[in-house]
There are 2 protein chains.
Amino acid sequence: MADPTARPRAGATEPLTAEEVALLDAYWRAANYLSVGQIYLLDNPLLREPLEAAHVKPRLLGHWGTTPGLNLVYAHLNRVIKARDLDMMYVIGPGHGGPGIVANAYLEGTYSEVYPTISQDEAGMRRLFRQFSFPGGIPSHVAPETPGSIHEGGELGYALAHAYGAAFDNPGLTVACVVGDGEAETGPLAASWHSNKFLDPARDGAVLPILHLNGYKIAQATVLARIPESELDALMRGYGHAPLHVTAEADDDPADAHRRLATALDEAFDEIARIQNEARAALAAGRDAPRPSWPMIVLRTPKGWTGPRVVDGKPVEGTWRAHQVPITDVRDQPDRIAELAAWMRGYRPEELFDEVTGRPRPELTALAPAGRRRMSASPHANGGELLRDLTLPDFRDYAVDVPAPGTSSTSATTVLGHLLRDVIRANPRTFRLMGPDETASNRLGAVFDVTDRVWEGEIVATDEHLARAGRVMEVLSEHLCQGWLEGYLLTGRHGLFSCYEAFIHIVDSMVNQHAKWLKTTREIPWRRPIASLNYLLTSHVWRQDHNGFSHQDPGFIDHVVNKKAEVVRVYLPPDTNTLLSVADHCLRSRDYINVIVAGKQPALNYLTMEQAIAHCTRGLGIWDFASNDQGGVGGADVGGGVADGDGLPDVVMACAGDVPTLETLAAVDLLRQHLPWLRVRVVNVVDLMALQSESEHPHGISDARFDALFTPDRPVIFAYHGYPWLIHRLTYRRTNHHNLHVRGYIEEGTTTTPFDMVMMNGLDRFHLVADVIDRVPTLGARAAHVRQAMVDERLRVRAHTREHGEDPPEIRDWVWPY
Amino acid sequence: MADPTARPRAGATEPLTAEEVALLDAYWRAANYLSVGQIYLLDNPLLREPLEAAHVKPRLLGHWGTTPGLNLVYAHLNRVIKARDLDMMYVIGPGHGGPGIVANAYLEGTYSEVYPTISQDEAGMRRLFRQFSFPGGIPSHVAPETPGSIHEGGELGYALAHAYGAAFDNPGLTVACVVGDGEAETGPLAASWHSNKFLDPARDGAVLPILHLNGYKIAQATVLARIPESELDALMRGYGHAPLHVTAEADDDPADAHRRLATALDEAFDEIARIQNEARAALAAGRDAPRPSWPMIVLRTPKGWTGPRVVDGKPVEGTWRAHQVPITDVRDQPDRIAELAAWMRGYRPEELFDEVTGRPRPELTALAPAGRRRMSASPHANGGELLRDLTLPDFRDYAVDVPAPGTSSTSATTVLGHLLRDVIRANPRTFRLMGPDETASNRLGAVFDVTDRVWEGEIVATDEHLARAGRVMEVLSEHLCQGWLEGYLLTGRHGLFSCYEAFIHIVDSMVNQHAKWLKTTREIPWRRPIASLNYLLTSHVWRQDHNGFSHQDPGFIDHVVNKKAEVVRVYLPPDTNTLLSVADHCLRSRDYINVIVAGKQPALNYLTMEQAIAHCTRGLGIWDFASNDQGGVGGADVGGGVADGDGLPDVVMACAGDVPTLETLAAVDLLRQHLPWLRVRVVNVVDLMALQSESEHPHGISDARFDALFTPDRPVIFAYHGYPWLIHRLTYRRTNHHNLHVRGYIEEGTTTTPFDMVMMNGLDRFHLVADVIDRVPTLGARAAHVRQAMVDERLRVRAHTREHGEDPPEIRDWVWPY
């Protein structure tokens, strides 16, 4: 194994002067002091008085262990930013190190700028301390409330993916990313190291990963801290990095540690500059530079460094016991108050803050960069500040011609691919399309007319559409797709994630965190809106022709609707033109999570573009062409309906989703053939949230409108794309809910034909007709023969399918015949 | 970088003889032939007649690309098993290579044993081919229907974790695990390599990872195939492995590839034997051997090897175009029929299958091991065959004393820890406790009285409870915890996964897949029941004192209830004794996913053990001690209720979960103080599925019983642990649903006090009392002053909390006062 210290130095700088070391150390002590103060103190922030119980918070909540390391890196990055005039962001995985990041934002002045009551004086410091982890105050973690942050980090695993997302298409930006050794054990983080195969040194910014090993998680050792350094070094080299190792022990003179870290950072930033210069020179010369081995730093510091060494006779500094609050139950025990005071006084606050005002001393604040160069004030970390609208082509130009409803077929995602192609063409640096190797499978291949898949690895002659630059990012990790896109959006850009419907559940928990982030940022005045997170879920539950049960799960919709209504939108466009209209709307929107579910297989078109726009604007509506309850609109009003001249239909056939819409219309066809006098109304739902009441969701419709559509008292047979219970959950307060009968996916499936799949789940046209017969009062006896015919048809179709291996032609080729 | 080929050989064997090579190759050809036949043929399985359109399936569905590689490894592992008399399982990540695994099970005879109609003759082969990816047949993936499988692999990422789970506590077992290069890009798989830090060579079995790089995913290149071999080698060494590289090109003589692969496998198995012998000798001598560098194989073969090289003028073999069906649209095009026939005849079926019967020739079947040594017949892969009941202590022995309801507190999980300690003591080789570093945080620390955390990495003096052997598995990856536990359960053992409630969403998609597996195995007669997958979700949404919003999500319950009712159980024990009763029930159960949500903080006890058992048996019930609607049972029946002598209460206060139960009882206390004549019934729900109707879930109660509990027409105020809509979704068909008002988590939260959290979400006692006043008819005017008092109380409490940073003592110390 190569000795990392023997690595040739690219442009090494002189060691720090003693004065620089002293300044760095003072800055670090100031940040540590402010961190401890936040965890512990209600009052007496500068310890001007002897510390008393009344100065200490009654509930001690927060995490100390990771904080001094984060503060150390922050101070050193500030030195680098100033020395090199860099545009830098700081993404930290250990989000529970919140006090440290808040402390640094306070030292830089940003905190007081966005929260003026937290002023840079003693009164402000008191409020700074008091508000932390306190009712009505700020969260204990790095959070949307924290200036300079795009990453909460409470749920570990996504720091590095966010950092790369921020760096894409930001050639002037460097993202320093701290990976804690707990986070390093997670799957998403383990995969994220390979993000360097997708970062172009010529066109993108740089990411400097700092693996911060303090050796422990909450309660025990960590994997990467307990393997030999040679093994860790090989791992990082295997990930494509050139590691620089910096280690500090509790007994080290901090000055030595400062010198070692500064040297390593200088080396890393020299190397980043060299890599970028070489790649950019090559690009200017029309060549591709070879994929670089990017620097990264392995930084080992004791957990809870500079905190109490021993508490209650047990070692704390350098162990897992430093994870949260090292000295607990302080208020009741004078000796603990003394220990806390000694710890805090050890940072020598009198040297750090003005003795009169309490303001950080000017020589300290001078270490920090100015204005937007401060990491806490980076506009990239408040991406809405940088966000520009996409240049969007007119989606109407991609409309498919629909001369008559339900008679011609297109693949909706194929047509969407044409729109996305032109979105990419018009926005060559601000829009990316993410997907786990499914862009072509999901029929979005038209984008490859104008762009490629980003690929910094080897490219061979038979490859197609792999290139150093490209708008399409494919990696077989939904976690990376999601994490990259989140980082990209949070820094003020746009994108879309196309995914197999079933496997989007892989990122359920990431979606939770992003939804929470959006919900919180909406309540923070200085946070500007960002582009929505757009999902195109295709290869959906009903058409997993090559796969089967493991690929069939429509439950992501259920998952997202538990999030705050203000941030969640769900669309089920029934055909191509509605998909175009929905997609355009989503690409223009802000601060939402938009879920679009649409099939990729050729499917019937129902609406002209004009009709599609009107339908999407309403969110749901009666399809006149398919209804015969309004005196001839459907062309089949031959009288004799069950309802006695009250103008209402005998039954409402509702549908949401492309396959359910097809089956509903085919059922209506059967009803017209067998029970032509039955008045049927067809309601299609494209915006699922419209089903909720106005009070529950901004898109919800009024009870009056709901009643007008679904009637106050007629049976409603609802064919839904996903788990049927969701429709009940959305409508249980509606007048006619007790007449609502929902068909959907009931977790039955395998590799079989498309129609067999809907039959297995009772969503097929024959079941729907039987449902109508079972639920329309007085129809039972008059329609018993029809019901039996439906049973016979099911059996006949099943027998055909099992003999021939495909659906009968009259099923496959069914079109709306009226 | 070390040259892997220069690695010293441990007990290298002689190269294969020409005869052995020929036999291996014939076996491989047979498996490949059977694989292609499954994808393509309806009839004419042995190509005795010229191939015609009618012999070919109308829909060609399946995946060829990965299959020949899987077949190659299978044949070679069979040689190794026979030569060394090994007990081996085969876990394959690329589950879409189903035809290959089915083909091998067929060659080994297992397939015909479990599915007698698929006989080892021409008629059976015809049925074998026809059923694949065919309506009424078998799925295209390796699935529960596939003998020898514990791993479907449709959702990529979990193969290696499953393999390790199978190997734990199975010292005689070797699990060969193929990781495809698509899967290798996923996060969970990237983390899984580190599983070798948790496998004890003395006490556990071995895992041989085979990274099978064929270079492509669905549509493009893969990361690990496009980095230099030196980088990949470093990566594997960094993961703690000693890689052996075997590469075959399309133009290679297969005989050479066979020799190279056989040599690498011999070397790997020699090394595994050496590692195990050394570790076991050390253990016998009372020492710990150093952590070994386990062998692994990097096998590079062309995608779709031996398939068509070129189709339609485009290269197929060795490219992504071989991923699914290399030659499509066969039936309509005679030249494609000819290409298919030539491809299949290239395997020389006449040499492989008896010309009269169609049975695989005896020299081929002799290559396979016999009986349970066949990987397709491994009892480990049908874990229920090996499963033995846990030896369980009597959970009643751990009961806490409850002299009066609601007056004493314990931490429920702390007490559960005592039970789990004794479960571990009584079952030292068949039970494991998984958790992402949270065993102590979740207050289960008593288990460390009898066991340790498994840790094969470095152990230092200050560590506590780290050891080479242990029952507790902690790694900061919910994916690994889940994957290991699934593998452990599927091979016939028991376990429990303790997790922070919010972060169990990280494994949502894995739970989907396990639920699908369980649902399917219940329909397969030869699959035997396995132990349930038990979750203890604690550190739950209401008590994230140190963290905040990112740690607050109770939606996992919503996620699991979408799965088939037969496999899902959800329990919300309100106190310690009910938790003990529920846990005992879950540990005895089979084939379920049991979700238990219980707090770790000290909380009031309500039920004696006898009462707890009765309550858990019923699943839900009236708490008489807290109710005053039955003539004095609650001790407060002072008359004058709103209901006019009909024996029904004026209001039902329902609750599910520990915090909602506390708030409900405190609300009842307020009602008794302020409106003592109001008849209140308290219903507690411990088994959430009991709320559903009998027809929806096996635990569901009848409508009559539901009406008896919740009344047909009185207001029901339901305080629920999670998102309130779930209660509506479970009860929307019940008589009294329109009177049901549910309070729960509405996605509001931060780092604050416990009571402030319930106030933020409207679940607090004051809100509940106001709900009663708003919903009991005629109460409004009589109780307006009480309602105002509740508003005042909320304001008073909030002001206190914001001033003092903790809840007022009368809230913190509230007990049931009657």
Side-chain angles (χ1 to χ4, degrees), chain A residues 57-59 61 133-136 139-140 152 154 182 185-188 190-191 194 197 217-219 223 226 234-235 237-238 319 437 440-441 457-458 462 475-477 479 505-506 508-509 512 516 546 548-550 553 555 562 564 723 725 728-729 732 747 750-753 756 801-802 805-806, chain B residues 57-59 61 133-136 139-140 152 154 182 185-188 190-191 194 197 217-219 223 226 234-235 237-238 319 437 440-441 457-458 462 475-477 479 505-506 508-509 512 516 546 548-550 553 555 562 564 723 725 728-729 732 747 750-753 756 801-802 805-806:
Chain A
K57 296 183 181 182
R59 298 167 75 237
L61 301 170
S133 271
F134 202 81
S140 66
E152 174 131 6
E185 292 182 6
T186 68
H194 289 298
K197 283 85 188 178
K217 305 179 286 241
I218 303 178
V223 170
R226 296 296 180 89
L235 184 64
R237 289 178 192 281
T319 80
D437 188 31
S441 169
E458 186 191 7
T462 50
V475 62
L476 217 159
S477 166
H479 291 114
H505 272 301
I506 290 170
D508 273 2
S509 58
N512 283 347
K516 284 173 183 283
H546 276 267
F549 198 36
S550 66
D553 189 301
N562 274 337
K564 273 287 175 190
Y723 294 110
W725 312 283
H728 290 293
R729 170 238 198 273
Y732 65 83
E747 201 64 23
T750 183
T751 321
T752 188
T753 68
D756 200 40
T801 309
R802 297 208 170 189
E806 59 184 349
Chain B
K57 297 182 180 182
R59 299 166 75 237
L61 301 171
S133 271
F134 202 82
S140 65
E152 175 132 6
E185 292 181 7
T186 68
H194 289 298
K197 281 87 188 179
K217 305 179 285 242
I218 303 178
V223 171
R226 296 295 180 88
L235 184 63
R237 289 178 192 280
T319 82
D437 187 32
S441 169
E458 186 192 5
T462 50
V475 63
L476 218 160
S477 165
H479 292 113
H505 272 301
I506 291 170
D508 273 2
S509 58
N512 283 348
K516 285 173 182 283
H546 276 268
F549 198 36
S550 67
D553 189 302
N562 274 337
K564 272 288 175 191
Y723 295 109
W725 313 283
H728 290 292
R729 170 237 199 272
Y732 64 83
E747 202 67 19
T750 183
T751 320
T752 189
T753 68
D756 199 42
T801 309
R802 297 208 171 190
E806 59 185 348

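- Looking only at distances, a side-chain donor or acceptor of A/D437 sits under 3.5 Å from a matching main-chain atom of B/I218.
- Without hydrogens or angle criteria, A/S133 side chain to B/T751 main chain gives no donor-acceptor distance under 3.5 Å.
- Counting heavy-atom pairs under 4.5 Å between each of A/H546, A/E458, A/E185 and chain B puts A/H546 at the top.
- The minimum heavy-atom distance between B/V223 and A/H194, with the atom names listed, is CG1-ND1, 3.9 Å.
- Heavy-atom distances place the side chain of B/K197, and not its backbone, under 4.5 Å from chain A.
- In terms of heavy-atom proximity, B/G154 sits nearest to A/S550 at CA-OG, 3.6 Å.
- Heavy atoms only, all atoms of each residue included: B/P135 and A/G805 are closest at CD-CA, 3.9 Å.
- The two atoms that bring A/S477 and B/G187 nearest to each other are OG-N, 4.1 Å, heavy atoms only.
- Contacts with chain B were tallied for A/A219, A/G548, A/A440; A/A219 has the most, counting heavy-atom pairs under 4.5 Å.
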For this session: Please test A/H479 against B/H479 for side-chain contact (heavy atoms from CB on, under 4.5 Å), starting from the C-alpha separation and ending with a verdict.
Result: CA-CA 12 Å; A/H479 291 114; B/H479 292 113; 3.7 Å; yes
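- A salt bridge links B/E747 with A/K516: at least one charged nitrogen is closer than 4.0 Å to a carboxylate oxygen.
- Your options are A/D553, A/T319, A/T462, and the one with the most heavy-atom pairs under 4.5 Å with chain B is A/D553.
- Heavy-atom pairs under 4.5 Å with chain B were tallied for A/E152, A/R226, A/H505; the largest tally goes to A/R226.
- Among all heavy-atom pairs drawn from A/T801 and B/F134, the shortest one is O-CE2, 4.2 Å.
- Your options are B/L476, B/N512, B/T752, B/I506, and the one with the most heavy-atom pairs under 4.5 Å with chain A is B/L476.
- Closest approach of B/A190 to A/A191, counting heavy atoms only: CB-N, 3.7 Å.
- Ranked by heavy-atom pairs under 4.5 Å with chain B, the first of A/G457, A/G182, A/S441 is A/G182.
- When the candidates B/L61, B/N562, B/T750, B/T186 are compared by the number of heavy-atom contacts under 4.5 Å with chain A, B/N562 comes out ahead.
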